There are 2 protein chains.
Amino acid sequence: MRMFLALVHHPCVDRQGKVITTALTNVDVHDIGRSSRTYGAERLFIVTPVTLQQKMVTEMVHHWTVGEGLTRNDRRAEAMRRVTAAPSVAAACEVITSLTGQAPLVVATSARMEGPDSTWAGMRERLRHHDGPVLMLFGTGWGMAPELVEGADVCLPAIVRDPELGPSDGYNHLSVRAAAAIALDRLFGA
Amino acid sequence: MRMFLALVHHPCVDRQGKVITTALTNVDVHDIGRSSRTYGAERLFIVTPVTLQQKMVTEMVHHWTVGEGLTRNDRRAEAMRRVTAAPSVAAACEVITSLTGQAPLVVATSARMEGPDSTWAGMRERLRHHDGPVLMLFGTGWGMAPELVEGADVCLPAIVRDPELGPSDGYNHLSVRAAAAIALDRLFGA
């Protein structure tokens, strides 16, 4: 199994459900890059169709991996080295196919997942026997557009608190940085 | 069991191991506040002895809970409402004692934990039968000063990848935002 992540800036939705392109957020790239490196994800695609934002990703990675940042913090370089921009999820899938010779199993996450088709424990187990590449999608803004979630091969349940601790009031508004970290830990944590 | 968190800005260490006070980081407060709310932690103490930084915490909380931010995002208000500044971990413990009538069980986390005295699964189980308050400590900078970790009642292991996935190269440089989210999920996740 070879693991890839995508942080999706388009197509996402705003709080009214309108499809939008969200802006690149520096700390997302750093945090999810560091989590990717810790849990062994091979590459983190920052998905945005905006050329200028793709260029910002490239410049950020350059700063930390060959520029000034490298001498300041080489652990950060190791995390940033696996970050790359992609214009769409489909383009990221093509890169993965050319790298591995196989199309990835696309796995969607969402804080508002309706009808997930695997449990986290089931997915954890499945990935231990999965031969090909896997691409996990994380949305920004108010989440990925429904067509992206519906088009995924597997949809995972929303991350929530153990219901045995008491009735949930439905609050699960984690940052994408927190959600991605938890997702990686649920699938690949010790 | 009543759960409390502390994000510790002092005493922490820099990369040379020197004791320092780190600066308040806006996104830490938001992210860990949101994770606290999601997993049912009652209060998040931002621990700093610097009066001006304590004032910044208070102003941030005010902005999101009664000021302009409230009308912009009421989910953020719910997260920020549980954030408060404290001058030290001891002061946070005193607040907890006065709130609950009992001193908290203090639980330390660290990316470089030597000699943890509980597993994550063991702690998860223990907390389900624990009657009093619990305070979990998270360090900033290059981690909490050793005396703070050593003074805790329980030290949890560093968060790492499942060793069955292949030999670890020891990289576990998560952001504190990611580490706190994972810790809460390991103890209270579904």
Side-chain angles (χ1 to χ4, degrees), chain A residues 1 3 15 25-41 72-79 111 119-121 124 127-128 142 157-190, chain B residues 1 3 15 25-41 72-79 111 119-121 124 127-128 142 157-190:
Chain A
M1 191 262 309
M3 189 70 191
R15 75 176 71 189
T25 303
N26 212 293
V27 70
D28 288 356
V29 180
H30 281 276
D31 276 22
I32 305 177
R34 292 163 73 179
S35 296
S36 298
R37 176 67 182 81
T38 300
Y39 287 97
R72 256 190 62 204
N73 191 340
D74 58 349
R75 292 171 177 183
R76 199 57 67 90
E78 279 196 59
T119 61
W120 284 92
R124 183 180 168 102
L127 290 181
R128 271 152 182 75
W142 289 63
I159 291 168
V160 292
R161 191 167 80 119
D162 182 357
E164 287 183 21
L165 293 172
S168 166
D169 60 4
Y171 187 104
N172 68 336
H173 308 295
L174 297 166
S175 71
V176 69
R177 302 170 285 280
I182 292 167
L184 285 167
D185 190 64
R186 286 188 173 193
L187 299 176
F188 308 115
Chain B
M1 192 260 310
M3 189 68 190
R15 73 177 72 191
T25 303
N26 210 294
V27 71
D28 288 356
V29 180
H30 281 276
D31 277 22
I32 305 177
R34 291 163 72 179
S35 297
S36 298
R37 176 67 182 80
T38 300
Y39 287 96
R72 256 190 63 202
N73 192 339
D74 58 350
R75 292 170 176 184
R76 199 58 65 90
E78 280 195 58
T119 61
W120 285 91
R124 183 181 167 102
L127 290 182
R128 272 154 181 74
W142 291 63
I159 290 168
V160 293
R161 190 167 80 117
D162 182 357
E164 287 184 19
L165 293 171
S168 166
D169 60 3
Y171 188 103
N172 68 335
H173 307 295
L174 297 167
S175 71
V176 69
R177 301 170 285 280
I182 293 167
L184 285 168
D185 191 63
R186 286 188 174 193
L187 299 177
F188 309 114

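Chain letters run A, B, ... following the sequence lines, proteins first, then strands; residues in each count from 1. It should be emphasised that the depicted structure is a prediction, and the values quoted were computed from it without experimental measurement.
Top candidate by heavy-atom pairs under 4.5 Å with chain B, chosen from A/Glu164, A/Arg76, A/Arg15, is A/Arg15. Ranked by non-hydrogen atom pairs under 4.5 Å with chain A, the options B/Arg186, B/Met1, B/His30, B/Glu78 are led by B/Arg186. Here B/Leu174 is the residue among B/Ile32, B/Leu187, B/Thr119, B/Leu174 with the most heavy-atom pairs under 4.5 Å with chain A. The most heavy-atom pairs under 4.5 Å with chain B, out of A/Asp162, A/Val27, A/Leu127, come from A/Asp162. Residue with the most contacts toward chain A among B/Ala178, B/Pro157, B/Gly189: B/Gly189 (heavy-atom pairs, distance under 4.5 Å).
Ionic pairing of B/Asp169 and A/Arg37 is present here: one or more N-O contacts between side-chain nitrogen and carboxylate oxygen are shorter than 4.0 angstrom.
At least one donor-acceptor pair closer than 3.5 Å links the side chain of B/Arg34 to the backbone N or O of A/His173. Judged by distance alone, with hydrogens and angles left aside, the side-chain atoms of B/Tyr171 form a donor-acceptor pair with the main-chain N or O of A/Arg75 at under 3.5 Å.
If you measure heavy-atom distances from A/Leu165 to chain B, the contacts under 4.5 Å come from the side chain alone. Both the backbone and the side chain of B/Val160 have a heavy atom closer than 4.5 Å to some heavy atom of chain A. Proximity to chain B involves both the backbone and the side chain of A/Ala79, based on heavy atoms less than 4.5 angstrom apart.
Separation of atoms CH2 (A/Trp120) and CG (B/Asp185) is listed at 8.5 Å; rounding is to 0.5 Å. Here the OG1-CD1 distance, from A/Thr38 to B/Ile159, works out to 9.5 Å after rounding to the nearest 0.5 Å.
Nearest heavy atoms, B/Asp31 versus A/Ser175: OD2-OG, 2.9 Å.
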